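As C-alpha cells, the structure follows; a few thoughts come after it.
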Number of protein chains: 2
Amino acid sequence: MGDAMDAILEQWARERPDLDTWAMGVNGRLARLRHRLQQANRDFYAEHGLENHEFDMLATLRRSGAPHRLTPGALLKASMVTSGAITNRIDKLEAKGLVERVREAADRRSVFIRLTPRGLELIDGLMGPHVENVSRLLSALPPERREEFDASLRILLESLDDTSIH
Amino acid sequence: MGDAMDAILEQWARERPDLDTWAMGVNGRLARLRHRLQQANRDFYAEHGLENHEFDMLATLRRSGAPHRLTPGALLKASMVTSGAITNRIDKLEAKGLVERVREAADRRSVFIRLTPRGLELIDGLMGPHVENVSRLLSALPPERREEFDASLRILLESLDDTSIH
DNA sequence: TGATGATATCTCAACGTTGAGATTATCAAG
DNA sequence: CTTGATAATCTCAACGTTGAGATATCATCA
C-alpha cells in the first residue's frame, strides 16, 4: 500500500534522485501524523465543549496535583506557545468558570490559576476517555513495536534538548 | 536522563495511577518532536528569506516535475490548511516573484500556479541543504533503529487513512 | 531610603488561518 | 439554448497567536 509520504518521496526520487529521502520521509511523516492526531483529538474534545488547548491547560493543572494551581509563568513553560496566547487562554477558561485567578499576599506580581471545582470535575472525568481515545488512534502499531517506537521518540527529543517541563 | 514527557508521565502516575501512559506518552512526544523540528526548520528557512509554508509550497511545485505548475486546488490537497490560507500564501509568493498565476484557455475556472525561473532556482538550490539539515536533526537516532522507526510511522499513518496526496 | 535591575503578567497591533459564502465558469440534461 | 448542478477560486469577518513593550512588584545594595 503506502502512505501519502511514499507518494511524495517517489516524486522526489524521480525529480531529484540525488537527495537522500530517509530524513525527509521521517520529517514529513511526523508532521502528518501529528496533524492527524491533533484533528482526531480536537473532534473528541469538541464533544465535551473544549478546545484542544483548553484541554491541555486543564490537564496541566490537574497533573500538578492539589491544590491544582499554577502561575501563568508555569503554564507558559509547560506549553509551546507565547505569553499573549497564555493570557488569552486563561481569560477564556476563566469566562467558562473552569479556572479562576487567585492573588496571594506573598508576591503580588504573581497570580495563581486554579482549577475550580467544576474544572476539576470536568478534566478528571475526561482523562480516562481521552486515554482510551488516544490508545485507539495508536492501536494499529503492533504491541511488539511499541516500546521501541516510544524509545526512539525519546532519543530524538533528548537530542533536541526537550528535557524539562520547568 | 529522560525527556520532558517522562516528567509529565511521572506526574500522571502520581495523580492518576489508573491511567495507562503509553499512548499519552507517544501522543505528547509526537507533538513535542514535531514542534521542535518545525522550529529548527523555520530557523533554517529564515536564513534564506522564506517562511516554513513558503518552502513547502515551492517544494510541492518542484517535486511535481516540469513544467512545475499546479492548480490552487492541487496545492490545497497537498497541504494541511484551508482554502483561504492557500490563496493568501500564493499571493505572498507571487509578490515575491517566486511563483506566478497563469490562466489557460482550457478551463477558465482554473489557474495554474507556476514556479518562476527565480523560484525554481531558489528551491532547487535549497533542497540539498534542507535534507542535510533534517538529517542532522534526526542524527541522534541510531542507524539500526531508523528503518523500523520510519516503518512504524507509516503503519500509523496508513491506519489513519493518510494514504494519498491526490 | 532610594535607586537600579530583575521578575511576572498583561496589552495590543500586526499577521495568518478558518470556514462559510460569493463569484465565475463549465458541464449535463432536456 | 436554458436550466440547474457542479466545480474552482477567491473574499472576508471572526478569531487566535506572536512578540515587543508597558505596568507593577520585588530584591539588592549603596
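Note that the structure is a prediction, hence the values are computed from the model and not measured. Per chain, numbering begins at 1; letters A, B, ... match sequence-line order.
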*Checking all strands, does B/Gly73 fall into the base, sugar-phosphate, or nothing category for heavy-atom contacts under 4.0 angstrom?*
sugar-phosphate

*Among C/dT17, C/dT11, D/dC10, find the nucleotide with the atom closest to the side chain of A/Ser83.*
C/dT11

*asked:* Show, in sequence, the C-alpha distance, side-chain angles and deciding distance for A/His130 and B/Leu19, and conclude whether the side-chain contact (heavy atoms from CB on, under 4.5 Å) test is met.
replied: CA-CA 10 Å; A/His130 165 66; B/Leu19 298 175; over 6 Å; no

*asked:* Would you say B/Arg101 places a side-chain N or O within less than 4.0 Å of OP1 or OP2 belonging to D/dC10?
replied: yes

*Just how far, in rounded Å, is C1' of C/dT18 from CG of A/Asn52?*
15 Å

_A/Asp107 or A/Glu51, whichever maps to the more 5' nucleotide of DNA chain D_ = A/Glu51

*Near B/Glu147 CD, under 6.0 Å, is it more than 12 heavy atoms from other residues, nucleotides or ligands?*
no

*Atom-pair distance (CG on A/Asp56; C1' on D/dG16), nearest Å*: 15 Å

*When you check the phosphate oxygens OP1 and OP2 of D/dG16, does a side-chain N or O of A/Lys92 lie under 4.0 Å from one of them?*
yes

*C/dT17 P sits how many Å from B/Met80 CE, rounded?*
13 Å

*For A/Glu104 and D/dT25, give me the distance from atom CD to atom P, rounded to whole Å.*
16 Å

_Could you check whether the side chain of B/Arg109 and the base of D/dT9 have a donor-acceptor pair of N or O atoms closer than 3.5 Å, going by distance alone?_
no

*Would you mind reading off the distance between B/His53 atom NE2 and C/dG16 atom P, rounded to a whole angstrom?*
7 Å

*Below 4.0 angstrom from OP1 or OP2 of C/dT9, is there any side-chain N or O of A/Ser110?*
yes

*Does the salt bridge (Lys or Arg N to Asp or Glu O under 4.0 Å) test come out yes or no for A/Arg69 and A/Glu104, once each step is laid out?*
CA-CA 12 Å; A/Arg69 61 181 194 185; A/Glu104 303 242 326; 3.0 Å; yes

*Is it true that atom CD of A/Glu121 has more than 12 heavy atoms of other residues, nucleotides or ligands lying nearer than 6.0 Å?*
no

*When you get a sec, tell me which of D/dC26, C/dT26, D/dC10 is the closest nucleotide to the side chain of B/Arg108?*
C/dT26

*Rounding to a whole Å, what distance do you find between A/Arg89:CZ and C/dT9:C1'?*
16 Å

*Please work out whether the ring planes of A/Phe55 and A/Tyr45 are parallel, tilted or perpendicular, with thresholds of 30° and 60°.*
parallel

*To the nearest angstrom, how far is B/Asn88 atom CG from C/dG19 atom C1'?*
14 Å

*May I have the distance from A/Asp91 (atom CG) to C/dC12 (atom P), rounded to whole angstrom?*
12 Å

*Closest to the B/Val81 side chain: C/dT18, D/dC10, C/dT26?*
C/dT18

*Select base, sugar-phosphate, or nothing to describe what B/Arg103 touches, counting heavy atoms under 4.0 Å on all strands.*
nothing

